[in-house]
Protein chains: 2
Amino acid sequence: MRDNNEMPGHLARRFQQIAVAVFLAEVSEAGFDLTPVQYAALASIKANPGIDQATLAGLIAYDRTTITGVVDRLVQKNLLERRASSRDRRARELEITDEGKRTLRAITPAVEEAQRLMLRGLSPKEAAELMRLMRKAIAAGNELSRAPLRETTG
Amino acid sequence: MRDNNEMPGHLARRFQQIAVAVFLAEVSEAGFDLTPVQYAALASIKANPGIDQATLAGLIAYDRTTITGVVDRLVQKNLLERRASSRDRRARELEITDEGKRTLRAITPAVEEAQRLMLRGLSPKEAAELMRLMRKAIAAGNELSRAPLRETTG
DNA sequence: TACTGATAGTCAGCATACTGAGCAATATCG
DNA sequence: CGATATTGCTCAGTATGCTGACTATCAGTA
């Protein structure tokens with residue numbers, strides 16, 4: 001069998017596994033209980049008030065069915081409000097609450113530290129190169145997953 | 001907010017998301033129903049007959065509790081046998097079945113093609129560099145997840 | 001041998017992620 | 001306008017992955 005270390009799929013999973021562990025550890029240490037996708041959703045909603053779930057899903061490249069549950073839990077935690085859209089009665093408009101904004105501000109240093117920590121084995125130049133190569137591979141494969149990135153907000 | 005494209009955690013998740021989608025698509029097209037972890041487990045057990053679950057988990061860097069379910073499903077599909085160890089009555093020895101060997105052989109080209117496809121946006125040199133950098137980052141963060149890689153078979 | 005600690009496996013519970021299906025509402029085109 | 005296609009969201013079902021707890025067993029030691 002081919003060595004796992006020669007399988008990009010294995011390396012991708014492993015790197016992401018560590019990234020998630022580092023994220024949760026830093027966030028937990030800072031006194032918060034927020035997952036990576038919950039953070040990404042919260043930040044995107046703050047930057048795009050009133051965004052609907054489908055557009056949000058496209059912005060952070062998550063499946064719509066996953067976003068339903070994520071938003072459920074953020075609403076449960078009083079970090080988000082979900083209300084019916086007036087323009088399109090199928091859609092749900094998402095708005096961050098004051099508590100959501102406070103949480104986002106307070107948690108950001110831990111998130112930044114986590115991003116730094118997950119690359120701690122690399123020099124700054126290597127870290128930049130890793131990110132460039134991941135971006136390039138991702139761009140080429142964007143349409144291959146069910147949840148591609150969609151850059152448009154409208 | 002920092003751009004998602006500047007967050008290594010986001011890029012890691014996205015790359016892995018595409019890697020899994022490509023893997024499942026290729027394997028499905030080849031007529032099989034096997035997930036990445038199921039493939040990794042099957043291949044490791046073939047290479048290490050009679051391995052116990054904890055050692056297997058260490059070899060492919062999965063959590064023990066995840067491996068329990070994975071092995072359950074592989075046994076269900078008649079690709080594995082799980083039996084009590086004679087040396088250590090806590091342990092379960094894992095053995096690949098003939099059908100498991102046939103499946104592994106038949107599925108390998110699809111798996112190789114998936115590994116190639118998930119890097120299709122990169123030149124060979126870039127692909128090699130991406131893998132080197134992921135390996136380096138992973139090595140530095142190995143102990144940060146609950147399921148670190150353990151290279152020993154004994 | 002009795003005690004203590006570590007290890008192998010499982011389980012309950014939770015949160016992603018996916019497939020496929022379904023409903024309601026909107027957009028499009030004849 | 002009316003039929004059709006598309007879109008936004010949700011749900012059921014399945015499979016990872018994790019935390020924390022539990023049982024059974026083993027290993028080391030007083």
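Since the model is a prediction, treat every value here as computed from it, not as a measurement. Naming: A, B, ... by sequence-line order, numbering from 1 per chain.
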Rounded to whole Å, CG of A:L56 lies from P of D:dT10 at a distance of 12 Å

Near DNA chain D, under 4.0 Å by heavy atom, which residues of residues 88-97 of chain A?
A:R90, A:A91, A:R92

Let me spell it out: for each of A:R13 and A:Q53, pick the nucleotide of DNA chain D with the closest heavy atom. Which residue's pick is nearer the 5' end?
A:Q53

Considering only side-chain heavy atoms of A:D63, which listed nucleotide, C:dA15, C:dT10, C:dC18, is closest?
C:dC18

Test item: side-chain donor near acceptor, A:R14 and A:Q17, under 3.5 Å
yes

Roughly how many Å is it from CZ in A:R82 to C1' in D:dG8, rounded to a whole number?
12 Å

Short N-O contact, B:E129 and B:R132, less than 4.0 angstrom:
yes

Could you tell me whether A:E95 and A:K101 make a salt bridge, using a distance below 4.0 angstrom between a side-chain N and a carboxylate O?
no

Tell me the interatomic distance from A:Q38, atom CD, to C:dT16, atom C1', rounded to whole angstroms.
10 Å

Checking C:dG9, D:dT10, D:dG17 against the side chain of A:R64 (C-beta onward), the nearest is D:dT10

Does one side chain, of A:R146 or A:Y62, offer a donor that lies under 3.5 Å from an acceptor on the other?
no

Here the gap from B:R13 atom CZ to A:F23 atom CZ, rounded to the nearest 0.5 Å, amounts to 12.0 Å

Residues of residues 101-118 of chain B with any non-hydrogen atom less than 4.0 angstrom from an atom of DNA chain D: list those, numerically ordered, please.
none

Under a 4.0 Å N-O cut-off, is there an ion pair linking A:R82 with A:D72?
yes

I need the minimum non-hydrogen distance between A:D63 and A:A147, along with the two atoms involved.
N-CB, 3.4 Å

Tell me: CD1 of B:I67 to C1' of C:dT7, nearest whole Å?
17 Å

For a quick check of understanding: with a heavy-atom distance under 4.0 Å over all strands, which category does B:T65 fall into, base, sugar-phosphate or nothing?
base

In whole Å, what is the span from the CD1 atom of A:I18 to the P atom of D:dG17?
14 Å

Could you check how far CG of B:L144 sits from P of D:dT19, rounded to whole Å?
12 Å

Polar side chain donor-acceptor pair, A:D88 to A:S85, under 3.5 angstrom
no

Checking contacts here: which listed nucleotide (D:dC18, C:dA8, C:dA17) is nearest the side-chain heavy atoms of A:Y62?
C:dA17

Can you name the closest pair of heavy atoms from B:L80 and B:V71 and give their distance?
CD1-CG1, 4.2 Å

How many angstroms lie between CD1 in A:I60 and CG in A:L149, if you round to the nearest 0.5 Å?
10.0 Å

Neighbours of DNA chain D within residues 19-37 of chain B, by heavy-atom distance under 4.0 Å
B:T35, B:V37

Heavy-atom donor-acceptor pair, B:R83 side chain to B:R92 backbone, under 3.5 Å:
no

Nearest to the side chain of B:R146 - C:dA17, D:dT10, D:dT19?
D:dT19

Answer yes or no: is there a side-chain heavy-atom contact under 4.5 Å between A:I51 and A:E93?
no

When rounded to whole Å, the CD to P distance for the pair A:Q16 and C:dT16 reads 12 Å

Take the protein atom CD of B:Q17 and the nucleotide atom C1' of C:dA15, then report the distance between them rounded to whole Å.
16 Å

